[in-house]
J.: 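The structure is given below, and queries will be raised subsequently.
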Amino acid sequence: MTKRKSRLIYGPILSRRLGRSLGIDVISNPSSRKNCNFDCIYCQLGSVPNKIQSVEDVIGCVSSPEIVEGIKHYHRNIEDIDYITFSGTCEPTLNPELGEMIDGIRQISSVPICVITNSSLTGRDDVRHSLAKADLVVATLVSGYDKTFENINRPASGIRLDDIIEGLASLSHMGTCRLSIEVMFVDSDKFGYNTSDSEISRLADILEYINPDEVEVLTITRPPAESSLKAVDEIRLKEIASYFDSRLGRKKVRLVLRGIRKGRSTIKHENIEEEVYDLILRRPCATEQVIASLGLNMETLIPVLENMEYEGKIESVREGKTWYYRVL
Ligand code: SF4
């Protein structure tokens with residue numbers, strides 16, 4: 001199969017946190033399935049042999065005018081978008097034009113802007129100033145201990161947890177964007193886990209210090225990069241959320257459990273197969289999630305999925321009780 005260039009703007013994706021969210025990828029490098037300076041054991045994009053070591057190493061940074069033009073085009077086709085979200089197959093802060101892109105989108109759209117980041121570069125002033133332009137920043141933090149952080153996020157060399165914590169605290173202190181810290185809990189005999197009492201207590205100390213607007217407690221739901229990884233059971237997740245409640249305040253903590261968000265997008269379709277591929281490329285999806293995100297019906301979608309599977313573009317893989325489609 002020849003790999004085709006995916007579009008930079010994709011979706012909308014229907015998510016519990018962001019509602020209907022139009023996604024933006026700011027690195028376009030068809031030779032790599034993800035462009036990130038982490039290689040998280042839970043990554044839904046799979047593992048890659050080479051992670052990006054520094055901003056200077058990035059291949060395929062998209063320019064701000066390209067993104068703004070893309071958003072202009074999509075705005076004509078989509079109604080009722082809740083967020084425009086920088087995410088996709090890359091770490092958005094690796095593109096130095098992120099701040100310009102946010103400024104450019106603001107000129108043509110009043111839809112709130114979200115950046116989903118792995119937090120790796122929040123220690124840099126320029127990156128924090130770009131992030132501060134968004135309405136919402138969703139930032140990852142899995143542990144307050146260096147060893148656990150390295151085992152789970154597998155960062156490029158030179159990325160230090162202390163810098164991340166200080167960067168997130170500074171971003172929170174700036175107060176221009178809403179800051180949500182996403183804490184992904186995992187369990188693995190091979191890679192360890194971040195759910196012990198000492199991990200939770202240390203995380204609570206650090207979250208108190210960062211003082212974000214919101215903390216999300218969640219575990220894996222989609223097929224992870226490392227197949228030995230297990231989701232944390234609901235009982236333990238509830239205990240963790242309840243402990244964070246007691247330390248951070250009930251209104252700040254949100255427990256995210258498995259489940260598919262109800263709802264449906266309204267979109268004028270141009271090429272259904274491309275739209276489905278672009279969605280699954282960024283996030284493995286169950287059939288119901290594709291239907292809800294792209295506003296399709298089962299009769300239209302099933303032949304498209306079957307054809308893509310037959311042509312070797314996608315595969316179906318099981319996680320828990322759900323079958324997901326992901327790009328090959
Ligand atoms: S989960 Fe996000 S931060 Fe981690 S490797 Fe995948 S894309 Fe990068």
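Computed from heavy atoms alone, side chains included, the values below leave out hydrogens, waters and symmetry copies. Just follow the structure's listing: the first ligand is 1, and inside any ligand the first atom is 1. Residues: numbered from 1 along the sequence shown.
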J.: Consider only side-chain N and O atoms of S157 and Q53, and report whether a donor and an acceptor are under 3.5 Å apart.
T.: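 Side chains of S157 and Q53: pair found under 3.5 Å.
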
J.: Can you list, by chain and residue number, the protein N, O or S atoms under 2.8 Å from atom 6 (Fe) of ligand 1?
T.: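 Counting only protein N, O or S atoms under 2.8 Å from atom 6 (Fe) of ligand 1, the list reads C43 SG.
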
J.: How about I272: does its CD1 atom have over 12 heavy atoms from other parts shown lying under 6.0 Å from it?
T.: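 Yes, because the 6.0 Å sphere around CD1 of I272 holds more than 12 heavy atoms from other groups.
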
J.: Counting only non-hydrogen atoms of the protein, does one fall under 4.0 Å from atom 5 (S) of ligand 1?
T.: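 Protein heavy atom within 4.0 Å of atom 5 (S) of ligand 1: present.
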
J.: Check whether Y83 forms a cation-pi arrangement with R20 (NZ or CZ under 6.0 Å from the six-membered ring centre, at most 45° off the ring normal).
T.: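 Pair R20/Y83 does not count as cation-pi.
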
J.: For the residue pair D25 and T89, confirm or rule out a side-chain donor-acceptor distance under 3.5 Å.
T.: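 Checked: D25/T89 side chains pair up, N/O donor to acceptor below 3.5 Å.
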
J.: Side chains of K51 and F38, heavy atoms from C-beta outward: is any pair under 4.5 Å?
T.: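 Of all side-chain heavy-atom pairs linking F38 with K51, none is under 4.5 Å.
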
J.: Angle class for the F244/F185 ring planes (parallel below 30°, perpendicular above 60°, tilted otherwise)?
T.: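 Tilted.
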
